[in-house]
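Written out below as structure tokens is the structure these notes cover.
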Amino acid sequence: MADDVVTMDKIVSLAKRRGFVFPSSEIYGGLGSSYDYGHYGVLLKNNVKEQWWRAMLREREDILALDSAIIQHPRAWEASGHLAGFTDPLIDCRTCKLRFRADQIEQAQCGRKPSKHPGETDECDLTGARDFNLMFQTRIGPVQEEGSVVYLRPETAQGIFLNFKNYLQFGRKRPPFGIAQIGKSFRNEITTGNFIFRTREFEQMEMEYFVPPDDADRWFEHWLEQRVDWWTHLGLRPNHLRLRPHDSEELSHYSRATSDVEYLFPIGWSELEGIANRGNFDLTRHAEYSGQKLEYVDTATGERYVPFVIEPAAGVDRAFLAFMVDAYDEDEIEGERRTVLRLHPVLAPVKVAVLPLVRKDGQPELAKEVYLELRDHFQTEYDEGGAIGRRYRRQDEIGTPWAVTIDHQSLEDRTVTVRDRDSLAQERWAIDELAEGIERRLRAEWRSPKLDG
Ligand code: ATP
């Protein structure tokens, strides 16, 4: 299959048609770049997060979990540098009232004459560049005017630094160790768009890994490798994935080294995840602003130091989009066009569909029995409505890897056919072996069939 069948429009349309993602507040005309995740979207997103937790927590012994507050003490954002530095330079046009990011003005279109760039027509009346802070503000307290200004977090990482001391005490950990968290972050982005790629409200999966300063470079390399492996194991095609180191001008205020994991989206190569060596910037600043000691002390040797931090920070929504794009495929079965999501089975929203061939002769009853047994193990769907081919197509579109069909033979010998989404092979399995067989397939190595297409 040629890659060019995947466009953002097709993904957006499938996402809406099949209940993965809806534009938010649609009955009110929508709210710019806000989205709601529907049923299958929730299932897919949960699976992405579950795989991340698995890699961070279950498969390691050196990382602990956290779920910190979205609204933190405002001083935290002074200390982190976000209040002063988390800004985009903006230019307004007094004529067309549009707002542009100064660093993207070359690519922007004039509001009156889209064939030109802002500033190119005689009518354009541009302001100079002004810094615009990306943090959303709100107030806490019952009286609006007197309440103190607080911010919705623009990253989850700071919640981890604020808890560093708690984790040293309760976790009985010594560097190297990590704290991982998944949660919503908010940024008042100026240039949104491209579906869920850049929104103002999004979810992040971030892990701060605290290491002895001398070992930071080694751990940075370790996490680059781990994270690229994670993406490829979950099926992203390696030829659509790359690591891109930042040059010194691009580095964030806190970073000593950063590499982005980039994916080849329909909009071109774009960031999926950033992996940074944040040095001791954050802990040092929070120690300074809070007056607390934020350092590791080895009680046996008396050695003390402020650990360096290696941070892999990924976006859940961008991961979701990358997996959808990478999985999207179209082919033809018996002269009929089919849309299929070739998702890694562990990510697929529904693992198994149970389908009686006909709605009579005891087939629905046996199918229900099989369904009840399988749903104990996997996200399973029962569907008896419409021609069998149509039901297969519906499951293909949401990426269900296996469809179990109950036919007249099933009633005689308690076997069923198991249809594979990708190979379309149909095998006969005993009902009693279904759960175990599917479990085994779920655990097997998986490779995107699009690589061979
Ligand atoms: P970008 O350069 O695209 O604005 P960033 O470098 O500011 O991203 P980070 O601060 O490194 O992003 O955040 C880590 C991850 O969080 C990103 O790799 C991305 O997956 C996700 N992310 C950041 N901003 C957004 C957003 N506005 N919408 C969706 N996901 C986002």
Side-chain angles (χ1 to χ4, degrees), residues 8 21 24 31-37 41 45 48-49 52 77 80-82 85-90 101-104 107 132-136 151-161 180-209 220 223-224 227-228 230-231 234 236 241-247 249-265 267-278 281-282 309-325:
M8 202 65 108
V21 181
S24 180
L31 176 68
S33 61
S34 255
Y35 292 91
D36 298 336
Y37 285 81
K45 209 174 177 207
V48 171
K49 292 191 273 185
W52 191 84
W77 304 111
S80 70
H82 283 83
F86 195 54
T87 53
D88 277 343
L90 292 189
R101 258 175 68 169
D103 55 340
Q104 292 176 355
Q107 297 99 41
F132 173 81
N133 196 293
L134 298 182
M135 284 198 292
F136 279 102
Y151 304 92
L152 304 189
R153 66 178 178 202
E155 61 175 29
T156 66
Q158 297 305 322
I160 296 179
F161 300 125
Q181 117 158 295
I182 297 182
K184 285 235 165 156
S185 293
F186 303 82
R187 295 181 188 179
N188 199 359
E189 301 271 9
I190 309 311
T191 43
T192 50
N194 293 320
F195 195 36
I196 51 175
F197 180 82
R198 187 184 303 286
T199 50
R200 298 196 174 90
E201 173 181 341
F202 53 97
E203 254 182 307
Q204 291 185 305
M205 309 184 274
E206 297 195 297
M207 196 275 293
E208 308 302 318
Y209 198 72
F220 180 63
W223 282 106
L224 292 183
R227 296 306 302 147
V228 170
W230 186 83
W231 293 103
L234 287 176
L236 287 192
L241 204 65
R242 73 177 186 196
L243 262 182
R244 190 183 63 80
H246 285 202
D247 57 35
E249 278 160 31
E250 201 186 346
L251 287 180
S252 312
H253 60 277
Y254 52 76
S255 175
R256 291 167 178 245
T258 298
S259 281
D260 287 343
V261 179
E262 293 188 332
Y263 178 74
L264 187 53
F265 286 97
I267 51 172
W269 286 102
S270 311
E271 174 178 340
L272 257 188
E273 169 161 13
I275 299 153
N277 174 355
R278 295 179 79 124
F281 176 84
D282 304 273
V309 175
I310 310 300
E311 171 197 75
V316 178
D317 313 81
R318 281 192 198 172
F320 184 109
L321 183 60
F323 286 124
M324 289 276 279
V325 166

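Ligands are counted one by one from 1 in listed order, and the atoms in each one are counted from 1 as well.
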(Q) For the residue pair N133 / T87, report whether a side-chain donor-acceptor contact shorter than 3.5 Å exists. (A) no
Q: Examine R227 relative to W230 and say whether NZ or CZ is less than 6.0 Å from the centre of the six-membered ring and inside a 45° cone about the ring axis.
A: yes
Q) Looking at atom 11 (O) of ligand 1, what's its closest protein heavy atom, distance included? A) E271 OE2, 3.3 Å
Q: Among K184, R187, R153, find the residue that satisfies the salt bridge (charged side-chain N to carboxylate O under 4.0 Å, His left out) test when tested with E201.
A: K184
**Q.** Any R198 heavy atom less than 4.0 Å to ligand 1
**A.** yes
Q. What part of R187, side chain, backbone, both or neither, has a heavy atom within less than 4.0 angstrom of ligand 1?
A. side chain
Q. Do ligand 1 and D317 have nitrogen or oxygen atoms that lie under 3.5 Å from each other?
A. no
Q. Atom 16 (O) of ligand 1: which protein heavy atom is closest, and how many Å away?
A. Q204 NE2, 3.2 Å
Q: Salt-bridge test for R200 and E189: reply yes if a basic N is under 4.0 Å from a carboxylate O, no otherwise.
A: no
**Q.** Min heavy-atom dist L272 to ligand 1 below 4.0 Å
**A.** yes
**Q.** Winner among Y263, F186, F202 once heavy atoms are compared against atom 30 (N) of ligand 1
**A.** F202
**Q.** Within reach of ligand 1, part of T199 (heavy-atom separation under 4.0 Å)
**A.** both
Q | Charged tip of K45 within 45° of F320 ring normal and under 6.0 Å | A | no
(Q) Starting from atom 15 (C) of ligand 1, what is the nearest protein heavy atom, named by residue and atom, and what distance separates them? (A) A313 O, 3.6 Å
Q: Report yes or no: is the cationic atom of R244 (NZ for Lys, CZ for Arg) under 6.0 Å from the centre of the six-membered ring of W269, at an angle within 45° of the ring normal?
A: no
Q. Which atom names give the shortest non-hydrogen contact between M205 and V48, and what distance separates them?
A. CE-CG1, 4.1 Å
Q) Near E189, which atoms of ligand 1 are under 4.0 Å from a heavy atom of that residue? A) 24 (N), 26 (C), 27 (N)
Q: Give the atoms of ligand 1, by number and element, whose distance to some non-hydrogen atom of E273 is under 4.0 Å.
A: 18 (O)
Q) Quick one: does R318 get an N or O within less than 3.5 Å of an N or O on ligand 1? A) yes
Q.
I'd like to check which ligand 1 atoms, numbered from 1 as shown, lie under 4.0 Å from a non-hydrogen atom of F197.
A. 28 (N), 29 (C), 30 (N)
Q) On the ring face of F197, is R318 found with NZ or CZ under 6.0 Å from the centre and within 45° of the axis? A) yes
Q) Should the pair E271-R198 be classified as a salt bridge under the 4.0 Å nitrogen-to-oxygen rule? A) no
Q. Looking only at N/O atoms, are G315 and ligand 1 under 3.5 Å apart anywhere?
A. yes
